[in-house]
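These notes are about the structure you will find just below.
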There are 2 protein chains.
Amino acid sequence: MNLRLARTSCIECPIRHRAVCAECDDTELAVLEGIKSYVTVPKGGRIAEAGESLDHLSSVVSGCATVSKTLADGRRQMVGLLLPSDFIGRPGRATLSFDIEAATDVTLCRFQRRAFEAIIRSSPNVARRLLTMTLDELDVARDWQVLLGRLTARERVIHFLLSLVRREATETGAAHRSGPVRLELPLSREMIADYLGLTIETTSRQFTALRKDGLIETPTARTIVVPDLLNLMPEAMDEDGGPIA
Amino acid sequence: MNLRLARTSCIECPIRHRAVCAECDDTELAVLEGIKSYVTVPKGGRIAEAGESLDHLSSVVSGCATVSKTLADGRRQMVGLLLPSDFIGRPGRATLSFDIEAATDVTLCRFQRRAFEAIIRSSPNVARRLLTMTLDELDVARDWQVLLGRLTARERVIHFLLSLVRREATETGAAHRSGPVRLELPLSREMIADYLGLTIETTSRQFTALRKDGLIETPTARTIVVPDLLNLMPEAMDEDGGPIA
DNA sequence: TTGCCGCCTTGATGCAGATCAAGGCGCGAA
DNA sequence: TTCGCGCCTTGATCTGCATCAAGGCGGCAA
């Protein structure tokens, strides 16, 4: 998982390590280099809409974007959260099935779809790497299904916080040492509610309840401090009886 | 989508058309032929367990299997339903994250994992085909997230029935002509409840309600007749205002 | 034929989370 | 400094689904 360290240039454009660095050769890298470009989408901006055809695949360099669906009557469910190094787009497919929006300012590293697909066609390494990434996304989606189908509001909020902590830990490479953890939430309460399949009021009440129980502190609404991760963990156990890896 | 028609032998072993038929060459087919074997798992049997390491990848030839997670306290959520032509396993990954069980007697076409992965490594076609299949699964999982997060019990049951109808239609190649449709449910009420994130009682009551409303008939508990699909459809609309494709 | 056992249905009641409603707080603009 | 506007919190009430409980039905074995 420290592919990131393999080539320092990967930090600039995560796709280079996540999709291809592991075993790609220099030709592939050179081609990718030639077809990429950067764009920044302002907070609240639409990155893509369901049904729309995309002529770029991209990778999140910085910021936070959401993948969601809105029903005719306004009900909305988030189905994906895109953070740096996550991939956007469906190689081999021109259209998306969900809306993608910028939750904060988002910088993307984009690749022309046709050129990128040509690389996939010729290189088993790239296709294989994308397959692995997609399988990971599928696991995330399925764990999310369990959360939405069976967890209580309190458990959902705890899982959300833990997933952010875990995500941050793998970003920085830090092992989850004990001691207080500080989180800057990239999402508003409304977005968190859409993430968790709850209403904004219930979400807010759960944050309040966790604070009253001493499990978290909330210096500001968007800043969460977890004095001791272990206190939060026990409620997030799965069938193995252990906290999520 | 009529890859199935490309080679009749595909019917015998769906992986041949779903994973590789589209553009594979004869060498790849020959290798697959050499590493496959068939097994039948009886109804209720365990096909794989979360965390277990698998040395086969397989494809469902007949029957119905479920992908699910059970929490420590017994709460259970289904996250995948495997019907003929669906693929089991995670190329490049030795272990599963979810339990897979036979909902009916299930016949699998299995491939030795190492040999299959060797094919993936050498053939962009196979890797690309698997990527497409996995992206499709991801879309299904995300639509399922919307169902679990935001739909009412009644809407969930309707979606479930429509997804079976749609699935059956693509299997038989029949367009969704109007007129009555008959469905044999491959799942018990309890499994349907786990699929939909509901209790068995609520699920049963919703079937009763749909029957009282004249939207379905239930000659037996496992047999559903839908007199007119269009009556069922309107409640299953998404943001585009149209029924699911 | 009878009785058992799984599976399904139905009824009564309870409760978690939705809904409706009313502020509070912080921040940027005038 | 004050106003206005997002965003968040809190309270009161409602309700859809869960829970608890009791049969019904159909298939299979003795």
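Chain letters run A, B, ... following the sequence lines, proteins first, then strands; residues in each count from 1.
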| request: For side chain to side chain contact (heavy atoms under 4.5 Å, CB included), just list the numbers for B:Arg156 and B:Leu148, CA-CA rounded to whole Å, side-chain angles, deciding distance to a tenth of an Å, and then say yes or no. | output: CA-CA 8 Å; B:Arg156 294 183 201 202; B:Leu148 293 170; 4.1 Å; yes
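- Evaluation of atom-type donor-acceptor distances gives a pair under 3.5 Å for the side chain of B:Glu201 against the base of D:dC20.
- Contact annotation for B:Thr220: no contact, since no heavy-atom pair falls under 4.0 Å across all strands.
- With respect to B:Glu217 and B:Arg182, no salt bridge is recorded, no charged nitrogen being found less than 4.0 Å from a carboxylate O.
- Within the 4.0 angstrom heavy-atom criterion, only backbone atoms of the sugar-phosphate kind lie near B:Arg222; the bases stay farther away.
- With respect to the salt-bridge test (charged N to carboxylate O, under 4.0 angstrom), the residues B:Asp136 and A:Arg90 do not qualify.
- Contact check, A:Ser204 against D:dT9: a side-chain N or O comes under 4.0 Å of OP1 or OP2.
- Between A:Met191 atom CE and D:dG6 atom P the separation is 15 Å, expressed in whole Å.
- Here C:dG17 is the nucleotide among C:dC8, D:dT9, C:dG17 with the atom lying nearest to any side-chain atom of A:Ala153.
- Comparing A:Lys43 and B:Leu151 by the nucleotide of DNA chain D that holds the closest heavy atom to each, the one mapping nearer the 5' end is A:Lys43.
- Applying the 3.5 Å distance criterion, the base of C:dT19 shares a donor-acceptor pair with the side chain of A:Arg205.
- The residue A:Thr199 sits close to a base: some heavy atom pair falls under 4.0 Å.
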